[in-house]
There are 2 protein chains.
Amino acid sequence: MNKEKQMKLEASGWKIGSVDEFLELSQAETEFIELKLSLSQNLKERRQSLRLTQKDLARMIHSSQSRVAKMEAGDPAVSIDLLVKSLFALKTSKKEVAGMLPH
Amino acid sequence: MNKEKQMKLEASGWKIGSVDEFLELSQAETEFIELKLSLSQNLKERRQSLRLTQKDLARMIHSSQSRVAKMEAGDPAVSIDLLVKSLFALKTSKKEVAGMLPH
DNA sequence: TGAATATATGTCGAAATTGACATTTTTTCA
DNA sequence: TGAAAAAATGTCAATTTCGACATATATTCA
């Protein structure tokens with residue numbers, strides 16, 4: 001069975017392969033979490049290398065110091081949107097952001 | 001004036017360089033919007049090439065057809081988080097996602 | 001040291017995003 | 001064609017994320 005057909009089947013519901021679907025969702029969720037953590041770490045490193053305080057960055061993105069702290073701590077209740085906005089505010093290039101994705 | 005010092009100054013408030021700060025925020029926002037649109041387009045292409053309906057994808061990410069439609073339409077009221085989750089659900093590799101960053 | 005600065009943590013109402021639903025419009029294809 | 005399937009659009013209550021604030025803890029450095 002090729003991947004396309006397999007995905008089609010899994011998308012069709014819980015009838016067959018519920019275990020597989022569970023495993024795949026876990027995989028997607030794992031990658032999602034890893035991505036957020038990578039963005040978090042890179043944001044912290046970048047801010048520090050620019051010698052900006054969390055308060056400084058907060059002002060730049062019109063947010064608060066506590067939210068920046070949570071971003072850098074990898075708090076689950078912080079969106080990728082805010083992380084990416086912060087990175088762009090620090091003039092991170094798209095290429096650099098891309099480099100934060102793979103392993 | 002080097003970039004580090006410039007950013008530090010800008011972060012300190014609206015006293016000096018408010019025009020510059022405005023322009024830079026616009027630049028960051030532009031890149032952010034471009035990124036979302038790129039993810040949207042790639043998601044649509046990917047789903048279609050896998051011959052999945054919006055309903056299929058919606059089931060896979062535990063969402064709804066209308067939300068998938070909005071994702072693919074580049075609706076501003078859709079988060080990058082949901083876009084990335086959707087791409088990962090379609091087994092998009094991190095390297096492929098990295099390639100979706102414009103330029 | 002210890003005072004000043006920076007960061008971490010918890011909470012809260014407000015704002016944004018969500019899934020779901022109804023409906024309309026478009027596309028597919030027999 | 002035209003009926004069925006797919007996609008687009010609008011709305012809304014529920015959930016999530018938000019900025020802000022208070023305060024605790026950690027770090028810096030004179």
Side-chain angles (χ1 to χ4, degrees), chain A residues 4 7-14 21 25 28-29 32-33 35-37 39-90, chain B residues 4 7-14 21 25 28-29 32-33 35-37 39-90:
Chain A
E4 180 183 315
M7 298 192 72
K8 186 78 178 178
L9 279 176
E10 286 163 0
S12 71
W14 300 86
E21 181 173 354
L25 272 188
E29 283 163 12
F32 179 79
I33 292 169
L35 169 57
K36 281 181 67 170
L37 288 179
L39 295 176
S40 292
Q41 293 165 193
N42 277 278
L43 175 64
K44 180 165 193 170
E45 290 168 10
R46 178 162 273 265
R47 174 186 63 78
Q48 287 178 332
S49 78
L50 289 168
R51 311 226 178 261
L52 295 171
T53 66
Q54 293 182 342
K55 208 172 172 184
D56 288 336
L57 175 55
R59 256 192 297 250
M60 294 173 74
I61 61 174
H62 306 294
S63 183
S64 62
Q65 177 268 326
S66 60
R67 189 133 294 270
V68 171
K70 278 156 195 162
M71 265 197 276
E72 294 181 351
D75 189 315
V78 172
S79 69
I80 288 183
D81 294 66
L82 192 58
L83 285 164
V84 170
K85 280 180 184 171
S86 301
L87 285 165
F88 282 154
L90 295 183
Chain B
E4 181 183 316
M7 299 192 71
K8 186 79 179 177
L9 279 175
E10 286 163 1
S12 72
W14 300 85
E21 182 174 354
L25 272 188
E29 283 163 12
F32 179 77
I33 291 169
L35 170 55
K36 280 181 67 170
L37 288 179
L39 295 176
S40 293
Q41 293 166 193
N42 278 277
L43 174 64
K44 180 165 192 170
E45 291 167 9
R46 188 166 189 85
R47 174 186 63 78
Q48 287 177 333
S49 78
L50 289 168
R51 310 228 179 259
L52 295 171
T53 67
Q54 291 182 343
K55 209 171 172 184
D56 287 337
L57 175 55
R59 256 191 297 251
M60 294 173 75
I61 61 174
H62 304 294
S63 184
S64 61
Q65 177 268 325
S66 60
R67 189 132 294 271
V68 171
K70 279 155 196 162
M71 266 197 276
E72 294 181 351
D75 189 316
V78 172
S79 69
I80 288 184
D81 294 66
L82 192 58
L83 286 164
V84 169
K85 279 180 185 171
S86 301
L87 286 165
F88 282 155
L90 294 183

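Naming convention: chains lettered A, B, ... in sequence-line order (proteins, then strands); numbering from 1 in each chain.
- Taking the side chain as every heavy atom from C-beta outward, A:Val78 and A:Lys70 approach each other to under 4.5 Å.
- When side chains are defined from C-beta on, B:Gln65 does not count as touching B:Val68, because their heavy atoms never get closer than 4.5 Å.
- Residue A:Ala77 is in sugar-phosphate contact alone, with no base atom involved, counting any heavy-atom pair closer than 4.0 Å across all strands shown.
- An OP1 or OP2 oxygen of D:dA7 is reached within less than 4.0 angstrom by a side-chain nitrogen or oxygen of B:Arg47.
- Proximity of a side-chain donor or acceptor of A:Arg46 to a complementary backbone N or O of A:Leu90 within less than 3.5 Å is detected.
- Atom-to-atom, CG of B:Asp56 to C1' of D:dA6 comes out at 10 Å; the value is rounded to the nearest Å.
- Taking side-chain N and O atoms only, B:Ser79 has no distance below 4.0 Å to OP1 or OP2 of C:dT17.
- The CG-P distance, from A:Leu50 to C:dA6, rounds to 15 Å in whole Å.
- If B:Ala73 and A:Asp81 are placed on DNA chain D by their nearest nucleotide, the residue sitting closer to the 5' end is B:Ala73.
- At the heavy-atom level, B:Ser64 lies under 4.0 Å from base atoms of the strands shown.
- When the nucleotides D:dA20, D:dG19, D:dT9 are ranked by their closest atom to the side chain of A:Lys70, D:dA20 comes out on top.
- Not one N or O on the side chain of A:Lys36 forms a donor-acceptor pair closer than 3.5 Å with the backbone of B:Asp81.
- The phosphate of D:dA8 has OP1 or OP2 within less than 4.0 Å of a side-chain N or O from B:Gln54.
- If you measure from atom CZ of A:Arg67 to atom C1' of C:dA8, you get 14 Å, rounded to the nearest angstrom.
- One interatomic measurement links the two molecules: NZ of B:Lys55 to P of C:dA20, which rounds to 13 Å at whole-angstrom precision.
- Backbone-only engagement by A:Lys44 is indicated by non-hydrogen atom pairs under 4.0 Å involving sugar-phosphate atoms exclusively.
- In this entry the distance linking CG of B:Asp75 with C1' of D:dT9 reads 10 Å, nearest Å.
- Nucleotides of DNA chain D nearest to B:Lys85 and B:Val68 differ in position, and the one nearer the 5' end is that of B:Val68.
- Side-chain atoms of B:Thr53 lie closest to D:dA6 of the nucleotides D:dA6, D:dA8, D:dC18.
- A donor-acceptor pair is defined here as one N or O able to donate and one able to accept, closer than 3.5 Å; such a pair exists between the side chain of A:Ser40 and the backbone of A:Met71.
- The interatomic distance linking A:His62 (NE2) with C:dA16 (C1') rounds to 17 Å, in whole Å.
- Listed nucleotides: C:dG10, D:dG19, D:dA8. Nearest to the side chain of A:Ser66: C:dG10.
- Among the protein residues, A:Val78 comes within range of the sugar-phosphate backbone only, with heavy atoms under 4.0 Å from sugar or phosphate atoms but none that close to a base.
- In this structure, A:Met71 atom CE and D:dT17 atom C1' are separated by 12 Å, rounded to whole Å.
- Considering A:Gln48, A:Arg67, A:Arg47 as possible partners of A:Glu72, the one that fulfils the side chain to side chain contact (heavy atoms under 4.5 Å, CB included) test is A:Arg47.
- In this structure, B:Pro76 and B:Gln65 both approach DNA chain C, and ranking their closest nucleotides by distance from the 5' end singles out B:Pro76.
- Minimum atom distance to the side chain of B:Leu82 is reached by C:dG19, of the listed D:dG19, C:dG19, D:dT9.
- At a cut-off of 3.5 angstrom, the base of D:dA8 holds no donor-acceptor pair with the side chain of B:Glu72.
- If you measure from atom CG of B:Leu83 to atom P of C:dA16, you get 19 Å, rounded to the nearest angstrom.
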